[in-house]
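Report on the structure given below.
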There are 2 protein chains.
Amino acid sequence: MTLVNKVSQTDDPHVARLMGAAFDEIRRALAVDDWQGLRTSHFRVIEAVPDDGISITELSGRVRMTKQGCGQFVAQLTDSGHLRTVPDPSDRRSRIVRRTAKGTRLIRRVQARIADVESTWAERVGAERYSVFRDVLLTVAESQQPVA
Amino acid sequence: MTLVNKVSQTDDPHVARLMGAAFDEIRRALAVDDWQGLRTSHFRVIEAVPDDGISITELSGRVRMTKQGCGQFVAQLTDSGHLRTVPDPSDRRSRIVRRTAKGTRLIRRVQARIADVESTWAERVGAERYSVFRDVLLTVAESQQPVA
DNA sequence: TATTGTTATACTCTATAACTATA
DNA sequence: TATAGTTATAGAGTATAACAATA
């Protein structure tokens with residue numbers, strides 16, 4: 001192996017690899033529970049539904065997903081009783097998506113599990129440093145451009 | 001909407017959502033370049049190949065992927081000239097996967113792009129806070145259990 | 001018997017395109 | 001004409017199962 005063919009491996013893993021590993025831990029923590037067929041993507045969609053309802057098109061923008069894909073998840077979550085849709089009185093093409101009480105309970109359970117993971121992380125690195133971590137992540141996420 | 005049906009939305013997004021948004025930014029930064037058909041998963045696999053080579057089974061463990069899936073990416077990266085495999089002299093069932101010089105150049109390009117993203121993040125939040133962020137992420141990633 | 005790696009298969013996620021009903 | 005949402009289709013990613021060759 002020539003020197004030109006060497007690449008730093010474990011000494012300086014980039015942020016994508018690190019976040020991937022962190023994600024994996026969340027995935028495994030969620031996998032412990034029984035979610036009755038609902039998967040991570042369902043959580044992402046239902047979490048983006050605001051308390052006062054939203055159209056599918058607008059929801060798809062929030063979760064950075066096509067409205068086709070988003071509509072599928074909404075349909076499944078409606079079948080499972082976590083969402084319901086009502087006609088939009090001001091536009092008969094549109095349907096307003098709302099959470100049911102069951103959907104709200106689901107979100108709370110998901111959020112509690114993730115909060116558990118965050119607690120263990122905060123314990124591992126210390127509350128102060130974890131708070132900086134979270135704040136940096138928030139700043140980075142908020143400074144994103146909307147979907148082009 | 002009853003109070004029992006309310007869920008905090010934007011005020012306290014959990015870490016999975018935040019990391020998802022950050023990931024998206026990396027994905028978009030990489031999408032600017034032409035990678036000749038290689039995708040993020042190829043990067044993940046080739047980056048995990050150490051300088052001195054590795055078997056497919058061990059590689060699949062590193063990238064937390066089945067050996068079947070890993071073998072597919074190795075095959076594609078071999079076809080594209082980024083990896084090559086040599087027989088393992090000590091075990092005729094096994095093949096040793098190595099990076100070619102082309103593969104090494106690819107990794108360097110990927111890592112440079114991600115480093116660019118990290119630079120902009122560090123600028124947004126300040127170098128010191130970004131360094132804490134990175135360190136927390138490293139600690140969390142390193143304290144993971146290996147695949148069960 | 002156990003392990004390395006392959007082939008076959010299937011499911012999830014998500015994208016594009018084409019369509020309908022309504023605006 | 002443009003937009004909301006649906007249906008159809010396909011490709012990317014990754015899993016399980018069954019297998020051949022070798023240990």
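The structure presented is a predicted model; accordingly, all values stated were derived computationally and were not measured. Below, each value reflects all heavy atoms present in this structure, side chains not excepted, and no hydrogens, waters or symmetry copies.
B:Thr66 comes within 4.0 angstrom of a base, heavy atoms only. Contacts of B:Asp88 with the nucleic acid, taken as non-hydrogen atoms under 4.0 Å apart, are absent. In this structure, B:Thr57 reaches the sugar-phosphate backbone alone: every heavy-atom distance under 4.0 Å involves primed, P, OP1 or OP2 atoms, never a base.
In this structure, the CZ atom of A:Arg28 is 13 Å from the P atom of D:dA15, given to the nearest Å. Rounded to whole Å, the distance from NZ on B:Lys67 to P on D:dT16 is 13 Å. Here the P atom of nucleotide C:dT20 and the CD1 atom of A:Ile56 are 19 Å apart, to the nearest Å. Rounded to whole angstrom, the span from the CG atom of B:Leu59 across to the P atom of C:dT6 amounts to 12 Å.
Judged purely by distance below 3.5 Å, without hydrogens or angles, the side chains of A:Ser143 and B:Arg124 pair a donor atom with an acceptor atom. A:Gln76 and A:His82 form no side-chain donor-acceptor contact under 3.5 Å, judged by distance and modelled atom types alone. The closest side-chain donor-acceptor pair between A:Arg99 and A:Thr104 falls under 3.5 angstrom. Using a 3.5 Å distance cut-off with no hydrogens or angles, the side chains of A:Glu123 and A:Tyr130 do not pair a donor with an acceptor. Between A:Thr100 and A:Arg84, the side chains place no donor N or O within less than 3.5 Å of an acceptor N or O (distance only, hydrogens not considered).
Checking A:Gln72 against B:Ser55, the closest nucleotide of DNA chain C that is more toward the 5' end is the one next to B:Ser55. Heavy-atom distances to DNA chain C give each of A:Met65 and B:Ser94 a nearest nucleotide, and the one nearer the 5′ end belongs to B:Ser94. Comparing A:Gln68 and A:Arg93 along DNA chain D, the residue whose closest nucleotide (by nearest heavy atom) sits nearer the 5' end is A:Arg93.
Under a cutoff of 6.0 Å and an axis angle of 45°, B:Arg109 and B:Trp35 form a cation-pi pair.
Put simply, A:Arg95 has no side-chain N or O that comes within less than 4.0 Å of OP1 or OP2 on D:dA4. Distances shown here put every side-chain N or O of A:Arg39 at or beyond 4.0 Å from the OP1 or OP2 atom of C:dC11.
Comparing the start and finish of the helix from C:dT1-D:dA23 to C:dA23-D:dT1, five pairs each, the helix axis swings through 10°, to the nearest 10 degrees.
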